[in-house]
Amino acid sequence: MSVVATLNKNPVRRNTAQVGLFLIAMLLVPVVFGTGYYLNMMIFIAILALPALGLSLLSGLAGQLAISHGAFFAIGAYGSAILSARAGLSPVLSTLLAQILVAVIAAGIGAVVLRLRSHYLAIATLSFAIIVELVIEEWRGMTGGMQGMLGIPPMGLFGYEASSDVQFYYVYWPITALMLLFALNLASSRIGRALRAIREGEPIVSSLGIHTAGYKTGIYVVSSVFAGIGGALYAHFVGFVTPATGSIMFAIEIIMVLALGGFDRLWGALIGVALITLLNEYALGFADYKKIILGVTLIAVMLVFPRGLLPGLIDLARHRRIARAA
Amino acid sequence: MSSMILVDLIQIVMTTLTVGSMYALVAVGVSLIYNATGVINFAQGEFVMLSGMTVASLYGTLGWPLPAAVAAALVVVVLYAALLMAITSAFAARISLIGVLIITIGASIATQGAAARIWDSDTHRFPPFSGDDPIRILDATITPQALWIIGVSAICIAGLIWFMRSTITGKAMRACALDKAAATMVGIPVRTTILLSFVLSGLLGAAGGIVTTPLTTIDANGGMLLAIKGFTAAMLGGMGSIPGALLGALLIALVETTTVTFASGAYKELPTFTIIILVLLLLPRGLVGGRHETGLHHDDLTRT
Amino acid sequence: MLKVSSLEKRFGGLTALKDVHFSVTQGQIKAVIGPNGAGKTTLFNLIAGTLRPTAGDIRLDGEAIAGLPSSRIGMAGIARTFQQPQVFTSLTILENAMLGGHRYHRGDFLSCGLGLRHTRREEEKLRERAEKWLEFAGIGDIAHRNASELPLGQQRYVEIARAMATGSKLILMDEPAAGLDDTETRELGDMVRAISESGTTVLLIDHHMDFVMSLADEVLVLNFGERLAEGTPHEIQNSQVVIDAYLGTDDDA
């Protein structure tokens with residue numbers, strides 16, 4: 001049996017091999033291209049990939065859309081910021097503890113709104129996002145209100161703190177790669193299979209003795225924790241958080257990432273994040289133009305390629321090839 | 001002699017009616033489009049924003065006569081509604097409901113960006129129709145503009161209900177909402193009916209923008225929060241039901257007004273959005289019991 | 001093993017089932033017949049937990065299951081196939097069958113995401129179990145095709161493999177022979193017998209009289225939501241009440 005066939009039979013090994021190669025390539029980037037401003041952008045890609053992967057798990061496996069990933073990004077960011085800057089915990093510990101908060105809230109929200117279908121989830125999670133934004137703005141004693149929080153310690157452990165872009169790069173990309181591996185494994189596991197089946201016909205899945213509600217809540221929690229970890233990494237990289245950190249516009253940008261990379265592709269989410277980061281850097285300088293470009297692109301992509309730009313282009317190329325062969 | 005409680009009570013009732021009228025115009029509009037397409041229109045608030053901004057610049061800044069400015073605003077909104085209808089129903093069969101929802105999100109933020117370019121990001125207003133002198137009822141006060149808001153909203157919504165119940169076209173719209181396939185079979189032009197729903201929905205929003213801007217002001221990004229209030233109200237009442245939307249809007253306005261009166265203005269929005277989550281938990285079909293939720297198959301984001 | 005007593009289901013003012021009682025013994029093939037609208041599918045929906053009974057009792061090996069959610073009933077050991085085959089078209093045939101054994105494994109989100117060794121072993125077991133039953137259903141050789149590619153008749157075999165992979169004590173089959181030609185019906189009959197020989201009890205609904213009478217150990221006849229008769233195929237074929245009921249209606253039987 002060829003190596004490829006072996007890897008295909010064991011999805012965990014296949015995923016590990018793919019992500020391993022990817023991580024090696026990413027780690028070689030600074031060695032080959034040296035340091036420079038581009039590293040800063042690459043770090044942001046590593047951070048933003050997390051909420052995008054989280055939402056991709058939700059939309060790809062459960063077929064659902066939530067507008068709460070900005071909110072959980074903010075909860076992760078503020079939670080870890082408060083625990084480290086105000087309570088003096090180590091950033092690694094605060095990042096992890098903040099995820100407990102994220103998970104508990106997500107489980108509560110998920111248990112309520114996942115009983116509903118389709119766009120009700122979108123609207124309900126949007127309401128939740130607004131509440132989070134309001135609480136962050138108004139709970140000045142804890143969050144610093146509109147001014148936000150400054151002086152958040154950089155990521156680090158036992159007195160070793162990341163201080164340069166290169167160091168952050170080498171800390172954050174392995175984390176993102178591991179999270180990607182986790183997502184890929186989950187998607188190809190029996191849980192992923194059950195979720196894809198639930199998306200098609202929940203009553204039939206439950207007739208097989210499977211507790212469907214638990215799976216739906218579970219994937220929402222996992223998906224939200226991805227966003228929460230992203231938020232914490234963000235806070236410990238830039239050193240400050242403001243109410244804009246996890247705004248609704250941010251949540252819409254994450255949806256945009258999936259519209260570009262495909263709603264059911266984890267690797268696509270990564271490409272989508274890279275695209276939007278480049279767009280943000282070079283084309284979307286002014287807030288007003290950014291809104292116009294984001295909005296129009298979102299409409300255009302959904303009209304032409306409802307499953308996302310990247311899968312749409314891949315399908316198109318495949319059809320062309322078949323047409324040419326025929 | 002009037003007790004403080006009575007004054008508070010009158011004040012709360014008047015404010016609730018004013019704010020509730022505004023929300024009702026948006027919520028009823030949301031319901032109309034939901035009935036026609038099954039989609040919650042995220043860009044509903046942009047109708048209000050566009051009309052408010054148009055009148056503010058034509059009447060307020062350029063000095064056009066008010067009726068001309070109002071007519072221009074209505075034209076702008078009708079064209080915008082038609083455009084929105086075109087992009088949301090162009091390939092509707094191919095796109096999931098969530099896909100269409102994403103399109104309306106895109107339309108909403110693109111419109112905000114465009115409005116900020118055409119005008120600016122500042123707040124705009126224009127003079128009230130009947131001056132600023134408050135009308136006193138005991139010790140409570142109400143501005144004449146609030147009466148305009150309540151009156152115009154009541155007329156618009158009553159007119160709409162009459163239209164839906166008593167005219168052939170209105171009945172066709174209701175038939176379409178119940179069963180598109182059957183409606184097509186009996187010869188109802190479904191696309192025209194959907195277009196009409198968008199236009200009527202837009203006109204309601206436009207009326208709201210025109211009467212409320214003198215009191216509440218408007219800015220390029222102001223539409224989204226209104227839209228969210230609108231679907232919260234529509235969902236509270238029961239998605240797709242017009243009386244439900246009206247009831248939901250008034251309830252939300254009451255909760256908000258009470259919160260502002262007795263607690264702090266800062267937390268004005270908190271109860272509203274807590275309500276929506278509670279409603280979804282306890283009464284997924286709303287107070288009045290709107291239409292059934294549509295099935296999962298059509299809603300899946302990753303299907304083509 | 002299955003005991004149904006004074007079962008009743010009303011939809012608003014309409015009584016779909018009234019005072020239905022019967023039992024199924026271990027290893028039996030039992031058929032439910034009756035004219036259209038007799039309440040056969042309603043009966044299945046009540047047993048499987050898709051609907052809640054208005055009154056009455058359903059016991060599986062002594063355990064009361066009436067009114068439990070369908071996932072709990074599935075866990076208790078009842079699987080079903082549907083009148084219109086319900087396969088997951090976005091999954092492969094193998095994956096469809098693997099869902100049958102899903103309930104036996106505990107791998108949670110964390111261990112699946114981490115790809116821990118025990119989840120991989122579970123996956124291997126699931127695959128073996130699924131392959132065994134696909135082989136049984138005669139579709140082992142096309143296990144890697146997408147379920148959407150199959151014609152309706154073969155989708156029924158996917159359903160059977162999936163139901164058998166759940167390892168249930170009792171399998172409910174709602175009109176398994178619907179839409180099959182004579183040869184396919186005969187093959188299906190052999191398969192049902194093989195299911196029964198493997199130790200799984202079968203309760204099935206069907207309209208094909210020949211099919212039912214040659215297959216079933218016992219037959220329950222429903223008419224307008226009431227139990228009309230119960231007995232061996234021979235007894236039923238010679239029962240005057242049954243003949244009257246069938247001749248009295250113009251329904252296809």
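Computed from a prediction, not measured in an experiment: that's the story for all the values here. Lettering of chains follows the sequences in order, A, B, ..., and the numbering in each one begins at 1.
- Using a 4.5 Å cut-off on side-chain heavy atoms (C-beta onward), Lys291(A) and Thr111(B) make no contact.
- Both the backbone and the side chain of Ile87(B) come within less than 4.5 Å of a heavy atom of chain A.
- Distance check: Ser127(A) OG to Lys229(B) NZ gives 10.5 Å after rounding to the nearest 0.5 Å.
- With a 4.5 Å cut-off on non-hydrogen atoms, Met256(A) does not touch chain B at all.
- Only the side chain of Ile67(A) has a heavy atom closer than 4.5 Å to any heavy atom of chain B.
- Scanning all heavy atoms of the two residues, the minimum distance from Ile103(B) to Met302(A) falls at CG1-CB, 3.5 Å.
- The two atoms that bring Ala110(B) and Gly295(A) nearest to each other are CB-CA, 3.9 Å, heavy atoms only.
- Annotation: side chain of Ile105(B) is in contact with side chain of Ile252(A) (closest heavy-atom distance under 4.5 Å).
- Of the listed residues (Val301(A), Leu258(A), Leu298(A), Ile299(A)), just one forms a side chain to side chain contact (heavy atoms under 4.5 Å, CB included) with Ile102(B), and that residue is Leu298(A).
- Only the side chain of Leu126(A) comes within contact range of chain B, judged by heavy atoms closer than 4.5 Å.
- Note that CD of Gln112(B) is 11.0 Å distant from CD1 of Ile292(A), once rounded to the nearest 0.5 Å.
- With respect to chain A, the highest number of heavy-atom pairs below 4.5 Å among Ala116(B), Ser108(B), Gly106(B) belongs to Gly106(B).
- The CZ atom of Arg307(A) lies 13.5 Å from the CD1 atom of Ile95(B); values are rounded to the nearest 0.5 Å.
- Of all non-hydrogen atoms in Ile98(B) and Gly63(A), the two that sit nearest each other are CD1-O, 3.7 Å.
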